[in-house]
Amino acid sequence: MGVTGSALGALVLLKGLIDDGGKIVRNAQYPGSPCIDFDTWREVCIAPSALSQSSEKDTREKAFRWASKSLTDKHLVLVRDNLVWLVER
């Protein structure tokens with residue numbers, strides 16, 4: 001289950017964001033690991049040259065949507081209530 005391209009870039013950016021400022025949200029329905037706001041991750045990923053070399057914001061947003069869906073479908077990240085976690089393996 002390899003991760004490549006924009007999905008790999010989004011995963012690396014998420015790990016960095018969580019390492020730099022992740023927070024643990026106490027809730028029985030959440031993992032006990034650090035998370036960040038989904039919107040923060042999205043904004044970092046759609047920045048110019050983060051995941052896509054395109055100058056068009058719409059194209060960069062499509063790249064992020066594809067990457068985040070790929071990562072959630074592969075159970076590498078968990079998104080719930082506008083928060084995102086790395087799934088521990």
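- In this structure, Pro34 and Trp85 approach most closely via the heavy-atom pair O-CD1, 3.3 Å.
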Please report, to 0.1 Å, the donor-acceptor pairs under 3.5 Å made by any side chain of residues 42-59, with sequence neighbours excluded.
{"unit_1": "Ser52", "atom_1": "OG", "unit_2": "Ser54", "atom_2": "N", "d": "3.1"}
{"unit_1": "Ser54", "atom_1": "OG", "unit_2": "Glu56", "atom_2": "N", "d": "2.9"}

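- Contact record, Leu11 with Leu71: N-CD1, 3.9 Å, taken as the closest heavy-atom pair.
- Residues Val79 and Val84 meet the side-chain proximity criterion, which asks for heavy atoms closer than 4.5 Å.
- Leu83 is not listed as a side-chain neighbour of Ile36, based on a closest heavy-atom distance of 4.5 Å or more.
- Applying the ring pair (Phe, Tyr, Trp, His ring centres under 6.0 Å) test to pairs two or more places apart or on separate chains, those with a residue in residues 39-62 are Phe38-Trp41, Trp41-Phe64.
- Applying the side-chain hydrogen bond (donor to acceptor under 3.5 Å, both in side chains) rule to pairs touching residues 60-70 yields Lys69-Asp73, sequence neighbours excluded.
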Only pairs under 3.5 Å count here: list side-chain donor-acceptor contacts from residues 13-32, not counting sequence neighbours, and write none if there are none.
{"unit_1": "Lys15", "atom_1": "NZ", "unit_2": "Asp19", "atom_2": "OD2", "d": "3.0"}
{"unit_1": "Asn27", "atom_1": "OD1", "unit_2": "Gln29", "atom_2": "N", "d": "2.8"}
{"unit_1": "Tyr30", "atom_1": "OH", "unit_2": "Asp81", "atom_2": "OD2", "d": "2.6"}

